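One structure is given below, encoded as structure tokens.
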Amino acid sequence: MKKLITLLVTIAMIGVMLTGCGGKEVTADPAKLAEDLSKTASGDTLSSISEDILASTYLVDTSKIDSCAAYVGTGATACEAVVIKCSDSSYVSEVKGLFETRVKNQSDLYSSYNADEVKNLDNAIIKTSGNYAVLCVTNDTAAAEKVLKEAGF
């Protein structure tokens with residue numbers, strides 16, 4: 001009986017420790033995070049775009065979004081940084097799919113006139129956590145991953 005209780009207590013403690021080892025919850029401000037991600041790109045000037053332009057570019061439903069921000073380049077590079085905080089976590093997977101489609105379309109486009117950018121698109125960062133979805137195309141993925149890690153991704 002004592003062995004059984006000891007085993008159950010040990011299993012419970014392991015569960016508690018594993019729960020504590022998980023990533024921290026993302027609570028980032030989408031505007032600040034998108035700006036920080038935009039700074040990881042070099043060779044192009046990324047500029048903030050309005051929510052309306054973001055919605056039409058990434059085909060997201062703004063009625064399902066709490067807040068969002070995006071920075072896009074001039075077209076000389078494929079670099080962009082988008083952070084969307086969805087109103088409900090059920091919309092996050094759809095946004096992720098829209099980001100994946102965007103990367104594929106951009107890759108097809110850039111392969112016809114700036115094939116060097118396809119490498120950046122092949123290394124595009126698409127992450128989700130909680131109600132957040134992020135797309136980052138940059139030529140410095142290590143720096144972008146660091147920014148995302150600090151934000152809880």
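In this text the structure is predicted, and so the values were computed from the model without any measurement. These values consider heavy atoms only, across backbone and side chains, with no hydrogens, waters or symmetry-generated copies.
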Quick check: do [X] and [Y] have side-chain heavy atoms less than 4.5 Å from each other?
| X | Y | value |
| --- | --- | --- |
| C86 | V95 | yes |
| Q106 | V137 | no |
| T77 | N120 | no |
| I84 | L54 | yes |

Interatomic distance, [X] atom [atom1] to [Y] atom [atom2] [nearest 0.5 angstrom]:
| X | Y | atom1 | atom2 | answer |
| --- | --- | --- | --- | --- |
| E80 | T57 | CD | OG1 | 8.5 Å |
| E117 | L109 | CD | CG | 11.0 Å |
| C79 | L121 | SG | CG | 8.5 Å |

Looking at [X] and [Y], would you say the former's side chain and the latter's main chain have a donor-acceptor pair under 3.5 Å?
| X | Y | result |
| --- | --- | --- |
| T101 | G97 | yes |
| N114 | Y110 | no |
| S107 | K104 | no |
| S129 | Y132 | no |
| Y58 | A70 | no |
| Y91 | N131 | no |

CA sep, side-chain torsions, deciding dist, call: T40, C136, side-chain contact (heavy atoms from CB on, under 4.5 Å): CA-CA 9 Å; T40 68; C136 184; 4.3 Å; yes
Mind checking whether [X] and [Y] sit in one hydrophobic cluster, side chains of I, L, V, M, F, W, Y counted as touching below 4.5 Å?
| X | Y | value |
| --- | --- | --- |
| V92 | L98 | no |
| L135 | V72 | yes |
| I65 | I126 | yes |
| I49 | Y71 | no |
| V103 | V83 | no |

Can you see whether D44 engages T74 through a side-chain donor-acceptor pair at a distance of less than 3.5 angstrom? yes
Hey, is E35 close enough to K39 for a salt bridge, meaning N to O under 4.0 Å? yes
Taking side chain to side chain contact (heavy atoms under 4.5 Å, CB included) as the criterion, tell me which of V82, T138, L148 meets it with L37. L148
Apply side-chain contact (heavy atoms from CB on, under 4.5 Å) to the pair D88 and K64, showing each step before the final yes or no. CA-CA 7 Å; D88 188 298; K64 296 180 179 181; over 6 Å; no
Result block: side-chain N/O donor-acceptor pairs under 3.5 angstrom for residues 26-33, not counting sequence neighbours:
from	atom 1	to	atom 2	distance (Å)
D29	OD2	K32	N	3.4
K32	NZ	D36	OD1	2.8
K32	NZ	D36	OD2	3.2

